[in-house]
Amino acid sequence: MRYLILSDMHANWEAFEAVLRRARRKRFDAVLVLGDLVGYGAAPNQVVEAVRDLGPRLHTVRGNHDKVVTGIDSGGNFNQTALAAAQWTTGRLTPANLRYVRSLPRGPVQVEEGLAICHGSPLDEDTYVFSDVDAWEIFSRFQMPVTFFGHTHIPSLFWLEGRLLGVKALRGTSGRIQLDPGGRYLINPGSIGQPRDRDPRASYMTYDSAKGIVRWYRVEYPIQESQRRIRKAGLPHTLADRLAFGA
Ligand code: ZN
């Protein structure tokens with residue numbers, strides 16, 4: 001199966017559109033969306049509707065922002081900026097889009113034999129996976145060969161091959177990883193709508209599960225247009241500013 005893997009769009013329509021335009025040139029058997037469709041950005045309805053249009057072979061999980069926006073979680077652990085954006089989003093989503101976001105499943109979700117997706121950690125959907133220590137705990141308690149996750153907004157790869165534990169940040173415009181059939185992997189495609197690895201370009205991945213090949217891509221998009229939309233919506237200006245730095 002050939003998968004297109006998308007995460008953390010965060011209501012950034014210009015970034016999402018650029019990724020969809022680039023990725024559509026190729027053929028995919030299914031699309032995996034790792035959560036946080038909304039929150040931070042100013043185009044929640046466009047992004048949710050574009051995700052809904054990705055079906056029928058679409059697998060999704062919910063993100064922490066999706067939960068706060070739809071009232072599943074109170075947002076008690078959100079900072080002021082994130083909470084303000086979530087409340088703005090709740091008021092902005094159409095009833096149908098709000099229902100769709102509320103119905104996104106909790107991860108992990110198994111997509112095929114040996115492949116799962118989640119937002120944070122497969123052990124807890126809201127937990128960040130940053131370090132080799134985090135990965136080690138998951139490898140010892142979650143027996144899945146390949147898991148794609150989001151939440152940190154940092155394109156990265158954690159692997160366990162034999163007794164060797166490794167971690168790598170995935171940099172550059174594009175790249176390719178050949179997975180070892182005997183290894184186990186936790187893979188983050190990075191964020192489309194709010195990258196945080198000091199590269200402001202939208203980030204996504206593809207995965208060929210038959211060949212064990214992961215590819216990552218960075219795509220330029222009209223950042224100033226997303227920023228203008230955020231400022232015009234009355235959202236906190238820091239949400240616009242940070243897009244230029246990828247931070
Ligand atoms: Zn996120």
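One-based numbering, in listed order, for ligands and for the atoms of each.
Taking the six-membered ring where tryptophan is involved, the planes of Y128 and F130 are essentially parallel, since the angle between them stays under 30° and well short of 60°.
Counting just the N/O/S atoms of D36, the one with the shortest distance to the Zn ion (ligand 1) is named OD2. Within D8, OD1 is the N, O or S atom that lies nearest to the Zn ion (ligand 1).
Side chains of N12 and Q194: a donor-acceptor N/O pair is absent below 3.5 angstrom, by distance only.
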(request) Kindly determine whether Y207 and F148 satisfy ring pair (Phe, Tyr, Trp, His ring centres under 6.0 Å), including the steps that lead there. (result) CA-CA 10 Å; Y207 175 51; F148 286 92; 5.3 Å; yes
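A salt bridge links R218 to D197: one of the charged nitrogens lies within less than 4.0 Å of a carboxylate oxygen.
To the nearest 10 degrees, the angle centred on the Zn ion (ligand 1) between NE2 in H10 and NE2 in H153 reads 90°.
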